[in-house]
2 protein chains.
Amino acid sequence: MSIRNPKQALYAQFAGVAKALGHPQRLELIEQLAQGPRSVDALATKVGLPIANTSQHLQHLRRAGLVTAERAGKFVNYSLADDTVLTLFASIRVVAERQLAEVERIVRGYFQARDEMEAVTRAELTERIREGLVTVIDVRPPDEFALGHLPGALNVPLSDLEARLPDLRHDREIVAYCRGAYCVMSFEAVAVLRARGFKVRRLEDGLPEWRAAGLQVETGP
Amino acid sequence: MSIRNPKQALYAQFAGVAKALGHPQRLELIEQLAQGPRSVDALATKVGLPIANTSQHLQHLRRAGLVTAERAGKFVNYSLADDTVLTLFASIRVVAERQLAEVERIVRGYFQARDEMEAVTRAELTERIREGLVTVIDVRPPDEFALGHLPGALNVPLSDLEARLPDLRHDREIVAYCRGAYCVMSFEAVAVLRARGFKVRRLEDGLPEWRAAGLQVETGP
DNA sequence: CTGTCATTCAATAATTACGTTGAATGATTT
DNA sequence: AAATCATTCAACGTAATTATTGAATGACAG
């Protein structure tokens with residue numbers, strides 16, 4: 001790092017933040033952390049990366065001020081530094097969505113009938129919950145569910161979905177959600193349940209956005 | 001680039017956007033483009049970079065979908081792809097501001113008495129303009145002014161400020177603005193005018209944000 | 001058609017980022 | 001105190017980015 005004038009130094013700082021987000025695995029770590037604090041090897045397992053590598057990526061994010069680390073006994077728990085990080089992540093997603101035809105193609109190719117699965121907005125869902133008209137299911141793994149979920153939501157991990165079908169009623173609308181707008185699980189859950197004749201829709205995004213909107217979140221199993 | 005599953009491909013796309021912003025000079029180019037469309041060598045001159053280098057950075061930004069290029073005769077004019085790019089840029093700035101003590105230090109060190117120069121919000125300024133209580137001065141160079149400026153603003157480029165002092169009145173409040181929150185020029189203008197006994201404040205940000213807020217913009221000299 | 005100007009391309013050398021490995025640290029348990 | 005577990009560090013080879021240079025393209029004027 002050579003000597004710079006203040007203007008360049010400022011741009012260099014901004015660039016540092018962007019650069020920290022300029023890696024697929026680090027973005028995935030951010031999205032995981034958006035669900036709640038995690039230890040290094042919990043993250044490594046989720047993301048499927050070697051522990052040392054995960055640790056390095058996390059330190060990279062920490063240096064950029066995007067996440068914070070806190071020691072708890074043997075573990076080091078990382079969390080998002082604050083809500084603005086989520087906003088930044090969302091901004092990147094919006095730009096990528098609008099600008100890159102590529103993203104649309106990927107999304108369409110993977111999520112197939114994405115358009116046919118009209119998403120429920122947060123506002124609509126809160127209203128429906130108030131009226132007691134819907135069953136809300138959280139299709140994330142139990143550990144993520146325990147750290148926070150929508151009020152009254154049923155935890156039906158995608159892996160258990162088939163087995164849990166008897167718990168679900170055909171006569172009520174079901175709304176499924178998971179980690180966020182691009183989380184695959186709720187799409188898959190909707191597909192499975194539709195095939196079984198359930199009336200089911202997705203929440204437009206996931207728990208982090210719900211929390212960020214200042215809406216109520218329950219914890220515990 | 002190896003074969004990836006769709007989830008990884010999606011993160012790779014997002015990372016591509018972030019990576020494109022992960023370079024100080026490219027951020028500076030973005031901020032320049034936020035003022036309006038520019039040719040390659042206009043940008044190169046502004047930013048102080050060799051033309052070939054500037055061209056490459058612009059292409060990098062174009063590949064990421066952040067800017068668009070349009071041929072006009074011998075020139076190629078680049079512009080921001082859309083408003084979401086500005087939002088993204090602002091998000092980065094917010095995160096960097098909040099998270100990095102470093103940025104605060106740079107800002108304080110450079111802009112000295114930044115705190116003493118209370119900024120005027122857009123809302124407050126529109127109100128003041130409506131009441132006819134303020135003189136608004138745009139301290140950017142004339143070429144940027146011509147491409148768009150606040151309604152009724154006087155173009156007083158920083159370089160001409162001393163010479164233009166007679167045009168300014170002591171009995172009205174003056175509000176100065178330039179390119180954005182971190183643009184140096186309006187700070188310097190305020191400092192100069194304060195020293196001469198003018199009652200003067202800065203607009204909290206610059207023209208791009210004004211335009212993004214959907215407020216009226218005038219063009220022409 | 002030729003010359004000029006703005007821009008892009010191609011090739012290079014220097015720097016920086018990346019993932020992997022195995023050893024080192026720090027905290028807890030026995 | 002020794003063993004164990006989670007995390008970090010250090011070092012290395014490989015790959016990707018970057019700035020620079022000079023040549024190539026494309027558009028326009030004469």
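Numbers restart at 1 for each chain; the letters A, B, ... are given by sequence-line order, proteins then strands.
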List the steps and the verdict of side chain to side chain contact (heavy atoms under 4.5 Å, CB included) for V67(A) and I30(A). CA-CA 8 Å; V67(A) 308; I30(A) 292 276; 4.2 Å; yes
Axis-to-axis angle between the two ends of the helix from dC1(C)-dG30(D) to dT30(C)-dA1(D) (five base pairs per end, rounded to 10 degrees): 20°
Check whether any side-chain N or O of [X] sits under 3.5 Å from a backbone N or O of [Y] as a donor-acceptor pair, and report yes or no.
X      : Y      : value
R93(B) : V95(B) : no
T45(B) : D41(B) : yes
R63(A) : G16(A) : no
R26(B) : A20(B) : yes

What is the separation between atom [atom1] on [X] and atom [atom2] on [N], rounded to the nearest whole Å?
X      : N       : atom1 : atom2 : answer
R63(A) : dA17(C) : CZ    : C1'   : 11 Å
K19(A) : dC18(C) : NZ    : P     : 9 Å
L49(B) : dT21(D) : CG    : P     : 13 Å

Would you mind reporting whether L125(B) and V136(B) have side-chain heavy atoms less than 4.5 Å apart? yes
Please name all residues satisfying side chain to side chain contact (heavy atoms under 4.5 Å, CB included) with A69(A), sequence neighbours left out, ordered by chain then number. R62(A), V76(A), Y78(A)
Given D205(A) and R122(A), is the salt bridge (charged side-chain N to carboxylate O under 4.0 Å, His left out) satisfied, shown in steps? CA-CA 8 Å; D205(A) 37 39; R122(A) 276 195 300 278; 2.9 Å; yes
Can you pull out every side chain to side chain donor-acceptor pair (under 3.5 Å) where at least one residue sits in residues 140-152 of chain B? Sequence neighbours excluded, please. Q35(B)-R140(B), K46(B)-E144(B), D138(B)-R140(B), E144(B)-R179(B), H149(B)-E218(B)
When you measure from the side-chain N and O atoms of [X] to the phosphate of [N], is any distance below 4.0 Å, counting only OP1 and OP2?
X      : N       : value
H60(B) : dT18(D) : yes
H57(B) : dA19(D) : yes
H23(A) : dG19(C) : yes

In residues 27-37 of chain A, what residues come within less than 4.0 Å of DNA chain D, judged by heavy atoms? none
Taking all heavy atoms of G148(B) and all of V217(B), pick out the closest pair and write down the distance. CA-CG1, 3.7 Å
For H23(A), all residues meeting ring pair (Phe, Tyr, Trp, His ring centres under 6.0 Å), sequence neighbours excluded: H57(A)
If a protein heavy atom is under 4.0 Å from the base, mark B; if only from the sugar-phosphate, S; if neither, -; do that for nucleotides 7-14 of chain D going 5' to 3'. SBBB----
